[in-house]
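All values derive from a computational prediction rather than experimental measurement.
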Amino acid sequence: MPSYEQIAGRVLLVALAFWALAMIVPDFYRLYQPLGSFGFYANNDGVITDIQGPFLNQTASPAFRAGLRVGDRLDLAQMRCIPIRTLRCASAMAALGGFRLVANQQRAELVMATAPGRPARELNIVAEQRPYNGWVLAVLLLDQIAAMLVILAAAWLVWTRPGIMTWGFFLYVIWFNPGQSAQYYALLQLYSPIALLMQNIVGAIAQGIGSAGFIWFALRAPNDETTSRWRPVELILPFIAIVLAVLLTLSYANLLGYPTEAVTRAGALSGIVVAACAFLILLARQEELPPQDYQRLRWVIWGCLIGLPALVFADAGTTTTLLNILWPGYSPPEQFWGLLYLVNGVLCLLVSEAVRRPYVVRVSIPLRRVTILGLLLSLPVLFLHETFDHLSEAVSKNVTLPAWAWLALAAAIIFLISKVHDSAAHYLDWLFNRSVAKAGERLGDAVLKAENYGEVEVQIVQGVRSALGLTSASIFREQDRTFRRTSADQSWDNAARILDPRDPILERARGHRPYDVSDDAAARNDLPGGLMRPILAVPVGDRLRCLGLALYGPHATGNALSHDERSMLAELADKAASVFMKVSDEQLRSRITALETELRTITTGHTGTSQRSLNTVLDHY
């Protein structure tokens, strides 16, 4: 029965997961009905840096038509949120810091400060629906799906493996995920400015805790264990969380009339510091881990190396003007930032897989797939987005497309991208794994030329182990309805010689497909442990009968067997089954021929005995 602490932890987990999903799920509605925009960007000092926003040109922007220009500045003192239930306060929360979408037709009341050649004045701007096309919706859909998967995967890790490591990763994922929450914030702004302010403050606290939580995760991945050398770092993490939370909360002091762009930039730069610290800790911990855990840690390292910079870059670009020096006079499209968040989300899923699985394949395999997907998504967005925007504008002038038509177009784009991605990934896997295919052909030819059981077993045990660089390999062949380990194996001297016919490890062999061997199954059958433990079982037989069960350990480097290697072993097992049945058939024919010869030469008095011997042999086979 779960203890009180376990129940309380699970209740907290469910509550936090619900909050994380509540921030991103409403944005699915944007696939059907896009939000509106005022058409300008103001940094946290109130300085206007963009008057076009998501619109195709400045003349379509409500802010430009209202007289707003680059270089104008909001009068923060006049727009401070005292009292909070005012249109000016709501307008300040919608305008300051970050590209914000708002409810369509929402009105903003802006007080502009005196500027050279421009007097102080008040402006009223009504938000208009932002333009959208298939690319915008496709990236939004991918972001939201990836965010939900990341949050649920991290929550499942805590549910099944509660500990400091999994909690640290989950607290990080709550805030740092690829999901977009524009609809959630637009609803809060429209109906409850107080709730929006509280959400901003709680979000800043969650961001600080999540950053410290990720460092905690880096200290303990992948087995929730660390060494004494890292204890001092763990002790100061709560203080780091407090400092970051305070720093990020101070960025909202502009709602009280204080410029906070410098503070906001410091908060964004703190993400770089966190990423660097986590990465350095992971690199330093590599030498502390055994081979299989070292390979899992490599997944985490590459996830940090690629995912964290993408996240920090996207946050800096969407919440500050820190990156404007990279593209003066130009603003990257919304889809560009969405793709950067997507990169972080996909690699968060890879990190969760590294924690969940005791063995993982080479990290280059998922990285190739992520790279292909990133190129397929980013190249059209970076180089063709303006063409798509003008095309969608031309279509809108001639034909009025309903929202569901754009949604269908986004789904079609995602489908085509997935097909191209699968084909490209399959080709690259084939290209990079030619050595596996060649090994399979060589071993397969040797098996088909074998003339007895022993020659076949040598190829599927010693041959495979040598060709793939595995720690162990063995085969249990069916003999008299019992699966016995043969002499072809030379690495399991003290392991079991017979498999329990009632054990579930043999029941799955009827499926005639390779399957994973759990640690519990290996322990039940007295199989080797540690790096020698078999992790893959490959049935040798057909759909009607299992003639043997080949067991393989991981690579000597600690990597699991890849998809191509598993496929190669399955094909090799099919060839071995054919040879097994051919050898068995030849032995049976030879025995029958010998008995028939004996029957013809034995005297009549011994006929009955020979007939009984023949019947016994036939019954056996």
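Residues passing the side-chain contact (heavy atoms from CB on, under 4.5 Å) test with Gln180 are Asp27, Arg30, Leu140, Asp143, Gln144, Glu334, sequence neighbours excluded. The side chain to side chain donor-acceptor pair (under 3.5 Å) search around Arg285 returns none, not counting sequence neighbours. For Arg484, there are no salt bridge (charged side-chain N to carboxylate O under 4.0 Å, His left out) partners, not counting sequence neighbours. Residues passing the salt bridge (charged side-chain N to carboxylate O under 4.0 Å, His left out) test with Arg600, sequence neighbours excluded: none. Contacts of Val351 classified as side-chain contact (heavy atoms from CB on, under 4.5 Å), with partners at least two apart in sequence or in another chain: Phe169, Phe217, Val300.
Salt bridge status for Asp520 with Arg524: absent, with no side-chain N to carboxylate O gap under 4.0 Å. Ion pair Arg296/Asp293 flagged as a salt bridge, since at least one NZ, NE, NH1 or NH2 atom sits closer than 4.0 Å to an Asp/Glu carboxylate oxygen. Classification of Asp516 and Arg566 as a salt-bridged pair holds, one side-chain N sitting under 4.0 Å from a carboxylate O. Using a 4.0 Å cut-off between charged side-chain N and carboxylate O, Glu478 and Arg545 make a salt bridge. Note on Lys449 versus Glu455: no salt bridge recorded, every NZ/NE/NH1/NH2 to OD/OE distance being 4.0 Å or above. Salt-bridge formation is not detected for the pair Glu586/Arg589: no Lys NZ or Arg NE/NH1/NH2 atom is positioned less than 4.0 Å from an Asp or Glu carboxylate oxygen.
Here the shortest heavy-atom pairing between Pro222 and Leu289 reads CD-CD1, 4.0 Å. Of all the heavy atoms in Val447 and Val579, the pair that sits closest is O-CG2, 3.3 Å. When every heavy atom of Cys348 is checked against every heavy atom of Tyr172, the shortest pair comes out as SG-CE2, 4.1 Å. The two atoms that bring Thr471 and Leu531 nearest to each other are OG1-O, 2.8 Å, heavy atoms only. Taking both residues in full, the closest heavy atoms of Cys304 and Leu282 are given as SG-CD1, 3.5 Å, listed atom of the first, atom of the second, then distance. Residues Ala577 and Leu547 share a closest heavy-atom pair of O-CD1, 3.9 Å.
Considering CD of Gln295 and CZ of Arg357, their distance stands at 15.5 Å, rounded to 0.5 Å.
Geometrically, Arg477 does not engage Phe483 in a cation-pi contact defined by less than 6.0 Å to the ring centre and at most 45° from the axis.
Annotation: Phe28, atom CZ; neighbour count of heavy atoms from other residues, nucleotides and ligands within 6.0 Å is above 12. Remark: Glu287 CD is loosely packed, at most 12 non-hydrogen atoms of other residues, nucleotides or ligands lying under 6.0 Å away.
Side-chain atoms of Trp299 and Glu353 include no donor-acceptor pair closer than 3.5 Å. Asn559 and Thr557 form a side-chain donor-acceptor contact under 3.5 Å, judged by distance and modelled atom types alone.
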For this session: Could you walk me through whether His555 and Gln292 pass the side-chain hydrogen bond (donor to acceptor under 3.5 Å, both in side chains) test, one step at a time?
Result: CA-CA 9 Å; His555 291 274; Gln292 66 269 32; over 6 Å; no
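Residue Pro554 forms a side chain to side chain contact (heavy atoms under 4.5 Å, CB included) with just one option from Ile535, Leu468, Leu470, and that option is Ile535. Screening Leu536, Val436, Asp574, Asp564 for a side chain to side chain contact (heavy atoms under 4.5 Å, CB included) with Leu569, the sole residue that qualifies is Leu536.
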Please set out all donor-acceptor pairs under 3.5 angstrom arising from side-chain atoms of residues 158-166, sequence neighbours excluded.
residue	atom	partner	partner atom	Å
Thr160	OG1	Trp156	O	2.8
Arg161	NH2	Arg356	O	3.0
Thr166	OG1	Arg161	O	2.7
Thr166	OG1	Gly163	N	3.2
Thr166	OG1	Gly163	O	3.2

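Counting only heavy atoms from C-beta outward, the side chains of Leu527 and Arg533 never approach each other to under 4.5 Å.
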